[in-house]
Amino acid sequence: MTEPVLRMLAEQLPTWLPTQRWFGGKDRPVTEARPVRVITLSDKDPRLVHALVEVVQDDRKSVYQLLLGSRAQPPEHLNGVWVDSEGTHWYEATADPEAMTFLLDAMAGQDSTGPISFHREDDVELDEGLRGRAVTSEQSNTSLIYGQQYILKLFRKLSAGPNPDLRIHRALHSVGCEHIAQPLGWIADDDGDQPTLGMLQQFLADAADGWAMATASVRDLMAEGDLHADEVGGDFAGEAHRLGAAVAAVHADLARALESRPIEPGELDAAIDAMHRRLDSVMAAVPELAAMQGAVHEVFEQARGTADSGVPIQHVHGDLHLGQVLRTVHGWVLIDFEGEPAAPVSERLAPRSPLRDVAGMLRSFDYAAHQLLVGQPEDHQLAVRAQEWTSRNRSAFCDGYAEVSPNGDPRAHGVLLRALELDKAVYEVAYEQANRPDWLQIPLTSIARIAS
Ligand SMILES: Nc1ncnc2c1ncn2[C@@H]1O[C@H](COP(=O)(O)OP(=O)(O)O)[C@@H](O)[C@H]1O
Ligand SMILES: O=P(O)(O)O[C@H]1O[C@H](CO)[C@@H](O[C@H]2O[C@H](CO)[C@@H](O)[C@H](O)[C@H]2O)[C@H](O)[C@H]1O
């Protein structure tokens with residue numbers, strides 16, 4: 001079976017991979033896709049095969065994980081996607097809920113197949129036999145929902161060693177953190193770089209995501225021409241306050257569970273040097289930034305010398321925004337502790353200022369308010385409303401954070417916070433340019449405002 005599948009993948013993947021939402025290399029053509037390992041997980045019907053593929057893009061090489069399925073009688077939507085030289089039809093198996101049952105059952109049974117091992121947490125029993133349907137929301141990986149109980153994230157682009165998302169969830173669970181979904185199991189690869197292949201968590205079936213809630217609130221305000229944010233039914237400030245408190249609680253738990261220490265001489269300088277470098281490299285790709293370059297560099301420089309601000313460095317979320325928080329009936333939950341997808345794992349696991357996450361969330365309030373104006377004719381009234389919503393919710397978030405954080409009010413570190421916000425906005429310029437060029441104006445406008 002192996003040879004024909006290897007050949008089929010090598011032929012098909014260079015054109016197929018860039019069509020997948022989770023493929024993170026759309027900025028360059030795929031020169032070559034080399035299947036480096038193919039393992040049969042299940043010989044039953046549906047058959048399930050695990051493949052590791054090295055994707056070559058000029059001098060960049062990344063390893064991606066794929067699952068292939070095959071059935072004697074495939075349903076129409078899975079039929080004839082790829083055919084190997086022996087005439088076997090294969091398809092992307094995460095689209096086949098029945099094939100995905102294998103992964104849950106293997107975690108429940110703590111099985112292994114060659115170097116791939118399936119685990120469940122010690123204190124956990126898993127229901128078996130559930131079908132796994134793929135989440136349809138925008139995401140960088142592929143998640144499967146089993147019944148109303150579990151969600152399994154299959155990491156697509158693999159990195160060496162334990163995945164930060166799994167590592168941080170387990171650490172937070174060990175100290176009883178109330179603002180995460182419980183980690184339930186994982187899939188490991190014990191070969192080579194020993195990447196984590198998947199992470200199983202409690203599925204929060206009743207949850208609404210923060211981005212959907214916040215943008216609904218902005219829409220309400222925009223629709224009520226005569227009312228202020230605090231008078232509109234969909235006011236978000238109470239939620240923003242609770243969210244601030246939840247983020248501060250998670251930071252305190254992270255500090256307890258993992259390292260937290262005073263910032264050492266030179267570390268802030270290194271962080272500021274990295275901000276300057278990021279700005280220069282993003283500017284090379286987005287010339288619109290040029291007009292603001294001087295002002296932004298200046299804000300970064302002002303943050304030098306604020307190391308004695310008293311805020312220790314620690315593990316942080318790393319890419320916190322309203323799409324990474326879920327509101328359940330019990331409160332806010334933070335998800336996806338992987339950090340910025342493009343950053344190296346060593347950087348994502350390094351201790352950093354918790355103010356980075358605060359800055360990320362402050363940016364997100366700005367986004368939520370301004371995305372409704374994208375593509376609309378200029379309307380001064382709506383722009384004022386967007387600004388009113390942003391200020392109100394940013395303040396509420398900081399108030400909630402300050403009430404719980406041992407580090408106090410983030411606004412007391414205004415110079416550093418401003419630099420961190422600008423750094424995040426510069427990152428967003430690159431992100432929007434590569435992913436949603438229509439939204440590029442949102443971070444560009446913010447940069448002009450913050451730096452002025
Ligand atoms: N524990 C959970 N319960 C309910 N929904 C979840 C849970 N974890 C993630 N999700 C949903 O799945 C989506 C993708 O999850 P995320 O961890 O952000 O994936 P990615 O790293 O691929 O971006 C989220 O936007 C959220 O809607
Ligand atoms: O969710 P991911 O980990 O994939 O994060 C990436 O994509 C985000 C968008 O989906 C992006 O976030 C930016 O857009 C959000 C609205 O869609 C906004 O709330 C954030 O503030 C803004 O940064 C994120 O930056 C990127 O890493």
Side-chain angles (χ1 to χ4, degrees), residues 1-3 5-6 9-10 13 17 20 22-25 32-43 46-56 60-70 90 92-94 96 99-122 124 126 132 134 139-144 146 150-171 183-201 336-339 341 343-346 348-349:
M1 182 278 281
T2 310
E3 250 330 289
V5 171
L6 289 174
L9 290 176
L13 295 184
L17 282 169
Q20 300 304 299
W22 46 260
F23 181 61
E32 196 183 347
R34 294 185 198 131
V36 286
R37 197 188 71 196
V38 169
I39 291 176
T40 300
L41 294 176
S42 171
D43 250 341
R47 272 156 83 179
L48 184 61
V49 165
H50 185 271
L52 291 184
V53 180
E54 185 179 66
V55 180
V56 185
R60 180 164 76 199
K61 285 184 189 159
S62 324
V63 175
Y64 282 82
Q65 163 177 219
L66 274 186
L67 283 162
L68 303 183
S70 176
W90 296 95
E92 218 287 322
T94 58
D96 181 354
M100 294 298 93
T101 303
F102 175 90
L103 302 178
L104 178 64
D105 290 358
M107 281 183 279
Q110 311 238 58
D111 300 338
S112 58
T113 307
I116 301 182
S117 55
F118 297 84
H119 307 263
R120 63 177 154 76
E121 296 288 351
D122 287 342
V124 161
L126 297 174
Q139 66 170 135
S140 331
N141 297 290
T142 299
S143 293
L144 304 159
Y146 291 92
Y150 315 125
I151 181 163
L152 171 64
K153 174 148 72 171
L154 293 168
F155 299 108
R156 288 301 195 163
K157 185 169 157 192
L158 301 180
S159 44
N163 185 284
D165 206 8
L166 174 65
R167 199 183 144 188
I168 292 185
H169 267 101
R170 296 187 81 202
L184 300 173
W186 72 100
I187 306 173
D189 194 322
D190 304 323
D191 245 1
D193 281 346
Q194 307 193 321
T196 306
L197 301 176
M199 175 177 78
L200 187 74
Q201 275 186 294
D336 197 2
F337 286 80
E338 269 196 284
V345 172
S346 56
R348 295 194 240 154
L349 284 174

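Each residue takes its place number in the sequence, starting with 1.
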- Query: Side-chain contact, heavy-atom cut-off 4.5 Å: L41 with L103?
  - Reply: yes
- Could you list the residues that satisfy side-chain contact (heavy atoms from CB on, under 4.5 Å) with S62, not counting sequence neighbours? R60, Y64, K157
- Closest heavy-atom pair and its distance - A51, V38: CB-CG2, 4.2 Å
- Do you know the tightest heavy-atom contact between S159 and P195? O-CB, 3.2 Å
- Heavy atoms, side chains only, cut-off 4.5 Å: are D193 and V63 in contact? no
- Message: Which heavy atom of Q110 sits nearest to which heavy atom of H119, and what is that distance?
- Response: OE1-CA, 3.5 Å
- Determine yes or no for a side-chain-to-main-chain donor-acceptor pair under 3.5 angstrom, with D189 supplying the side chain and D191 the backbone. yes
- Cationic N near anionic O, under 4.0 Å, R156 to E338: no
- Query: Would you say R34's side chain and E54's backbone share a donor-acceptor pair under 3.5 angstrom?
  - Reply: no
- Task: Answer yes or no: is there a side-chain heavy-atom contact under 4.5 Å between M199 and N163?
- Result: no
- Roughly how far apart are E121 CD and M107 CE, rounded to 0.5 Å? 11.0 Å
- Message: Just verifying a value: how many Å separate L197 CG and D190 CG, rounded to the nearest 0.5 Å?
- Response: 9.0 Å
- Once you round to the nearest 0.5 Å, how far does CZ of R167 lie from OG1 of T196? 11.0 Å
- Straight-line distance of L104 CG to L144 CG, nearest 0.5 Å: 10.0 Å
- Message: Please determine whether side chain to side chain contact (heavy atoms under 4.5 Å, CB included) holds for the pair V49 and W90, giving the CA-CA distance in whole Å, both sets of side-chain angles, and the decisive distance to 0.1 Å.
- Response: CA-CA 10 Å; V49 165; W90 296 95; 3.7 Å; yes
- Query: How would you list, by chain and number, every residue that makes a side-chain contact (heavy atoms from CB on, under 4.5 Å) with D105, sequence neighbours excluded?
  - Reply: T101, E128
- Are D165 and H169 close enough that some pair of their side-chain heavy atoms sits under 4.5 Å apart? yes
- Query: T142 and L67: side chain to side chain contact (heavy atoms under 4.5 Å, CB included), yes or no, with the steps?
  - Reply: CA-CA 11 Å; T142 299; L67 283 162; over 6 Å; no
- Query: Roughly how far apart are L200 CG and L154 CG, rounded to 0.5 Å?
  - Reply: 10.0 Å
- Where Y150 and L184 come nearest, the two heavy atoms and their spacing: CD2-CD1, 3.4 Å
- Task: Work out which heavy atom in G185 is nearest to a heavy atom in L166; give both atom names and the distance.
- Result: O-CD1, 4.5 Å
- Query: At what distance, to the nearest 0.5 angstrom, does CD1 of I187 lie from CZ of F155?
  - Reply: 9.5 Å
- Query: What is the minimum heavy-atom distance between S42 and F102, and which atoms define it?
  - Reply: CB-CD1, 3.8 Å
- Query: Considering only heavy atoms from C-beta outward, does the side chain of W22 approach that of L17 to under 4.5 Å?
  - Reply: yes
- Just wondering, do Y146 and L126 contact through their side chains at under 4.5 Å, heavy atoms? no
